[in-house]
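Notes follow once the structure below has been shown.
Atoms within a ligand are numbered from 1 in the order they appear, just like the ligands themselves. Residues: numbered from 1 along the sequence shown. The figures here come from the full heavy-atom set of this structure, side chains too, leaving out hydrogens, waters and symmetry mates. This one's a predicted model, so the numbers in the text were calculated from it and none came from an experiment.
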Amino acid sequence: MKRSLIIALLCLLLPLIQAGKPKPNLILISVDTLRQDHLGIYGYPRNTSPNIDRLLSRGVWFTNAHSNVPLTNPSFCSMMTSRYPHEIGATRNGIPMVRDALTLAEILKKNGYTTVAFLSNWPLKAHLSNLDQGFDIYDDNFSKKRWLFFNDERDARGVTEQATNWLKNHLKEPLFLWAHYSEPHAPYISHKGFRFSDPRLPDTEEQRRIDAYDSEIAYADHYIGELLSALDQLGVLKTSLVFFVADHGESLGEHGYVGHGRYLYEPSMRIPFGLSGPGILRGVRIDAQVELLDLAPTFLAYAGIPIPSQMRGRNLLPYIWGEKPWEEPYLIYFETYPGAVRGKGMEKLASLKKPIWVGLKVGELKVLYSVLNSRWEMYQLQPDPGELHNLADPVNQVFIQFSEKLLKWWRGWKDTAVVGSTSALTEQDRKKLEALGYINK
Ligand SMILES: [Zn+2]
């Protein structure tokens with residue numbers, strides 16, 4: 001059958017799917033700190049991700065997919081509201097978004113969904129993020145489990161076990177399930193049975209770091225596979241739209257930096273992003289530019305629920321189905337902040353509002369502005385994917401055009417940025433965020 005005919009049929013069928021009750025189940029599987037180029041489906045030579053690859057290949061997956069902010073709490077608050085961090089107050093780890101920010105889970109709950117989340121990362125604890133808004137179950141109680149010497153994360157086995165136990169005993173449809181895995185977040189641990197090494201490569205600290213990071217991905221991937229098997233056995237998978245994303249990537253030494261949050265370069269910003277389910281084409285790679293802001297509107301549209309006007313992202317379904325041409329080039333904006341707030345009253349409000357970098361990407365062009373150092377950078381990702389040759393030049397017309405666009409965007413909100421309260425942060429939280437590398441001593 002011709003592809004155009006398949007698309008036409010899908011366009012005809014989806015309104016019927018949406019009109020016919022029950023509503024589809026919606027599943028979000030996210031992995032923290034997972035850079036796109038370490039997954040097999042995106043061309044990585046190591047077999048780090050057989051289950052994620054299989055999941056993504058059941059639907060459409062995007063190569064030019066980006067996070068809007070490379071920090072965990074800001075990224076998830078932004079993703080769940082389809083708003084920029086500066087609009088909802090979640091500018092750092094440790095600062096929850098404001099309570100009146102409308103979340104995907106709240107909208108789904110109002111529309112009859114059972115909403116459940118299984119978390120694994122300290123910055124996403126309810127009192128530090130307010131991401132529990134709209135969830136019937138927000139399981140962030142992982143501080144005493146596993147890893148005797150380190151308990152800032154719930155491990156992948158724990159996420160899958162908790163989610164699977166709940167599904168087996170309490171499943172009620174329509175369901176919105178969010179399962180979040182945190183393995184690739186530092187510190188990187190090499191997991192028995194999921195180890196990688198290559199005797200042809202020199203035994204350096206950098207290579208050992210990459211080997212351990214890959215081991216973390218493979219370990220999470222294994223338990224994501226188990227969760228998908230459980231969903232399949234329970235008959236949930238075949239009636240679900242499944243989104244797979246990361247909140248941001250990870251710099252593994254690029255630009256002299258290991259971690260995420262400090263810069264807006266591709267290792268931290270480019271993420272895996274794909275969706276699969278009834279009505280979604282299978283096995284299609286899409287190179288059009290998308291961003292995490294697009295996730296919530298797409299979920300809502302698939303469920304036949306109106307998208308609130310304040311949501312910034314796009315419903316991707318008409319583009320995926322060929323009803324609308326992808327807007328190319330499409331412009332997306334980024335912002336980033338110091339990793340975590342230090343504690344109650346330790347930083348001034350103005351500093352909590354202030355990003356360290358803002359940036360934009362349009363096609364293969366990236367323009368970055370260091371708010372901290374008043375410095376400009378511009379890169380053409382082809383032929384410079386490593387962002388090594390700064391093309392920022394005050395007489396370059398492209399630079400003039402897009403630097404003005406970026407400044408206009410940032411100046412449009414820099415004085416009105418919203419900041420949530422820092423009062424939720426306890427001494428224990430501060431220690432946990434420090435252990436995760438978010439607070440500079
Ligand atoms: Zn994260």
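Each protein N, O or S atom less than 2.8 Å from the Zn ion (ligand 1) was counted, giving 4.
Not a single donor-acceptor pair under 3.5 Å links the side chain of Y213 to the backbone N or O of E216.
Under the 4.5 Å side-chain criterion, counting only non-hydrogen atoms from C-beta, N130 is in contact with R99.
Using modelled atom types, one finds no donor on one side chain facing an acceptor on the other under 3.5 Å when comparing H191 with S215.
Of the charged side-chain nitrogens involved, none lies within less than 4.0 Å of a carboxylate oxygen, so that K109 and E106 do not count as a salt-bridged pair. Under the 4.0 Å criterion applied to side-chain N and carboxylate O atoms, K366 and E266 are assigned as salt-bridge partners.
The cationic atom of R314 (NZ for Lys, CZ for Arg) lies less than 6.0 Å from the six-membered ring centre of Y330 and within 45° of the ring axis.
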